[in-house]
2 protein chains.
Amino acid sequence: MDHASPTSAKAPPRKDPQKADPTRIERLCIERGLKMTGQRRLIARVLSEAEDHPDVEELYRRAIALDSKVSIATVYRTVRLLEEKGILERRDFGGGRSRYDPADRGQHHHLIDIETGTVIEFEDEEYERLVQSIAARYGFTLVQQRLELFGRKDPALAAAEAKRRSAAPASKKDGE
Amino acid sequence: MDHASPTSAKAPPRKDPQKADPTRIERLCIERGLKMTGQRRLIARVLSEAEDHPDVEELYRRAIALDSKVSIATVYRTVRLLEEKGILERRDFGGGRSRYDPADRGQHHHLIDIETGTVIEFEDEEYERLVQSIAARYGFTLVQQRLELFGRKDPALAAAEAKRRSAAPASKKDGE
DNA sequence: ATAGTTGCAAAGGCTTTGCGTGCTT
DNA sequence: AAGCACGCAAAGCCTTTGCAACTAT
């Protein structure tokens with residue numbers, strides 16, 4: 001993970017928190033030529049700060065916690081817009097609701113612990129190569145993909161993992 | 001596809017079409033100790049004959065075409081039951097509805113043509129090995145997985161594919 | 001006979017939408 | 001100024017469920 005930068009804002013306080021520092025996602029919105037309203041800036045900020053995979057209701061909760069000037073309909077509309085613009089990716093980890101994942105964090109997939117709901121993100125070059133070649137095998141160019149692994153922590157394997165743990169990969173508990 | 005047997009019934013007509021020949025899925029239901037009603041037999045039959053990935057409404061349509069003694073609520077209930085029993089797998093190819101896939105057809109994944117909706121099923125040993133090892137890497141035993149590739153037919157690649165086409169893989173047009 | 005199943009219609013959860021008002025460009 | 005975005009509440013999907021009648025074991 002090369003793009004990871006601490007969430008904490010080290011920048012000195014500015015006059016208007018809304019216009020202070022265009023967040024990662026806000027910048028993308030502007031690039032794509034979206035009209036930036038206060039609500040969109042707010043949602044963009046929540047998304048930029050999110051390190052998990054929130055659903056619409058969770059985004060809504062976080063947004064109103066910051067500002068309280070959004071309706072859930074707008075969150076739905078915005079999230080759909082951003083998905084169409086390729087800024088957000090919609091995921092389905094089961095449970096009915098869609099979850100959202102900023103698309104600028106690079107290609108990654110999910111390993112879900114079926115006991116605890118913990119979501120581990122991972123990347124794998126070999127896998128990437130392989131699916132490209134599978135698609136090509138059928139004459140297709142890959143446009144999108146979805147890979148989710150659901151598993152259970154295995155004591156034996158976990159011990160083995162503990163040993164080789166050195167470059168700690170991202171791993172965080174996600175709701176569900 | 002080794003298990004594929006023609007849909008047409010070549011067997012000599014029996015007394016009761018309902019009890020005649022327990023279908024593949026029906027047999028599984030019985031093994032799991034499910035109480036077999038006419039409706040369940042009917043749905044089991046539709047599922048056994050399906051070579052695509054129908055959603056509930058499609059199952060319902062096919063079922064009433066055969067017999068017309070089912071309600072859609074029962075289809076929903078049955079499909080959920082069979083999923084819990086591990087007889088059916090629920091898929092989400094986008095579009096809101098869940099699609100169903102008999103679990104006894106072996107491990108396979110899907111490549112979806114985003115232009116036409118065509119669904120290609122494929123298997124890949126190397127992939128299977130790889131994801132096992134990815135899960136193990138994090139100390140997990142794989143319990144379930146979901147892999148869907150969405151792509152667009154690429155003229156250049158398609159030409160290449162046409163050449164090497166010898167062992168024709170399964171490929172069928174699916175609704176949506 | 002009994003526990004489980006079905007149909008029907010109503011309810012539920014998530015998401016979208018119509019409409020009048022308000023704000024960005 | 002003009003068009004697009006917002007909020008609100010109503011409506012739309014897909015799916016589940018309460019209840020009374022029915023059926024497989």
Side-chain angles (χ1 to χ4, degrees), chain A residues 16 18-19 22 25-26 29-46 53-61 63-64 66-85 87-100 175-176, chain B residues 16 18-19 22 26-27 29-44 46 53-61 63-64 66-85 87-88 90-100 175-176:
Chain A
D16 181 358
Q18 209 72 298
K19 304 206 79 171
I25 303 290
E26 183 181 344
C29 291
I30 295 169
E31 276 176 31
R32 308 291 209 279
L34 296 183
K35 186 188 283 190
M36 290 314 289
T37 65
Q39 289 88 332
R40 287 188 182 168
R41 247 187 294 272
L42 181 57
I43 295 167
R45 180 166 155 212
V46 170
H53 308 85
D55 57 34
V56 166
E57 223 174 286
E58 180 59 29
L59 289 173
Y60 176 59
R61 255 191 300 273
I64 55 180
L66 290 179
D67 199 308
S68 82
K69 289 192 195 53
V70 218
S71 83
I72 195 158
T74 297
V75 179
Y76 271 107
R77 277 192 273 238
T78 303
V79 124
R80 184 144 73 96
L81 180 67
L82 299 203
E83 194 201 349
E84 283 163 7
K85 293 293 185 184
I87 297 174
L88 232 46
E89 274 170 24
R90 181 169 41 192
R91 311 272 183 184
D92 169 28
F93 295 161
R97 298 177 264 296
S98 293
R99 318 260 294 243
Y100 293 87
E176 156 58 3
Chain B
D16 182 357
Q18 208 72 299
K19 304 208 80 172
E26 183 181 346
R27 237 184 297 272
C29 291
I30 295 169
E31 276 176 30
R32 308 293 209 278
L34 295 182
K35 186 189 282 190
M36 290 314 290
T37 65
Q39 290 88 333
R40 287 188 182 168
R41 248 187 293 273
L42 181 57
I43 295 166
V46 169
H53 308 84
D55 57 34
V56 166
E57 222 174 286
E58 180 60 29
L59 289 173
Y60 176 58
R61 255 192 299 272
I64 56 179
L66 290 179
D67 198 308
S68 83
K69 285 190 197 55
V70 219
S71 82
I72 195 158
T74 296
V75 180
Y76 271 107
R77 277 192 273 238
T78 303
V79 124
R80 185 144 72 97
L81 180 67
L82 299 203
E83 194 201 350
E84 283 163 7
K85 293 293 183 185
I87 297 174
L88 231 47
R90 181 169 42 192
R91 310 273 184 184
D92 170 29
F93 295 160
R97 297 177 265 295
S98 292
R99 319 259 294 243
Y100 293 87
E176 163 65 353

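Heavy-atom basis, side chains included; hydrogens, waters and symmetry copies ignored. Each chain gets a letter, A, B and so on, in the order its sequence line appears, and its residues count up from 1.
A donor-acceptor pair is defined here as one N or O able to donate and one able to accept, closer than 3.5 Å; such a pair exists between the side chain of R99(A) and the backbone of H53(A).
As rounded to whole Å, 9 Å separates atom C1' of dG7(C) from atom CD of Q39(B). Rounded to a whole Å, the CZ atom of R80(A) is 14 Å from the C1' atom of dC13(D). Atom P of nucleotide dG4(C) and atom CZ of R32(B) are separated by 19 Å, given to the nearest angstrom. Regarding D92(B), its CG atom lies at a distance of 19 Å from the P atom of dC13(D), rounded to whole Å. Per the geometry, CG belonging to L81(A) stands 14 Å off C1' belonging to dT16(C), to the nearest Å. Remark: P of dT25(C) and CZ of R41(A) are 7 Å apart, rounded to the nearest angstrom. One atom, CG of D67(A), and another, C1' of dG7(D), lie 15 Å apart when rounded to the nearest Å. In this structure, the CZ atom of R99(B) is 16 Å from the C1' atom of dC13(D), given to the nearest Å.
In this structure the side chain of R40(A) reaches within 4.5 angstrom of the side chain of K35(A), judged on heavy atoms.
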Between E83(A) and R80(A), is a salt bridge (Lys or Arg N to Asp or Glu O under 4.0 Å) present by the stated rule, with each step listed?
CA-CA 5 Å; E83(A) 194 201 349; R80(A) 184 144 73 96; over 6 Å; no
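Residues of residues 69-79 of chain B that place a heavy atom closer than 4.0 Å to DNA chain D, in numerical order, are A73(B), Y76(B), R77(B).
The structure places CD of E89(A) at 12.0 Å from OH of Y100(A), a figure rounded to the nearest 0.5 Å.
Under the 4.0 Å criterion applied to side-chain N and carboxylate O atoms, R27(B) and E31(B) are not assigned as salt-bridge partners.
Between L42(B) and A63(B), the shortest heavy-atom contact is CD2-O, 3.7 Å.
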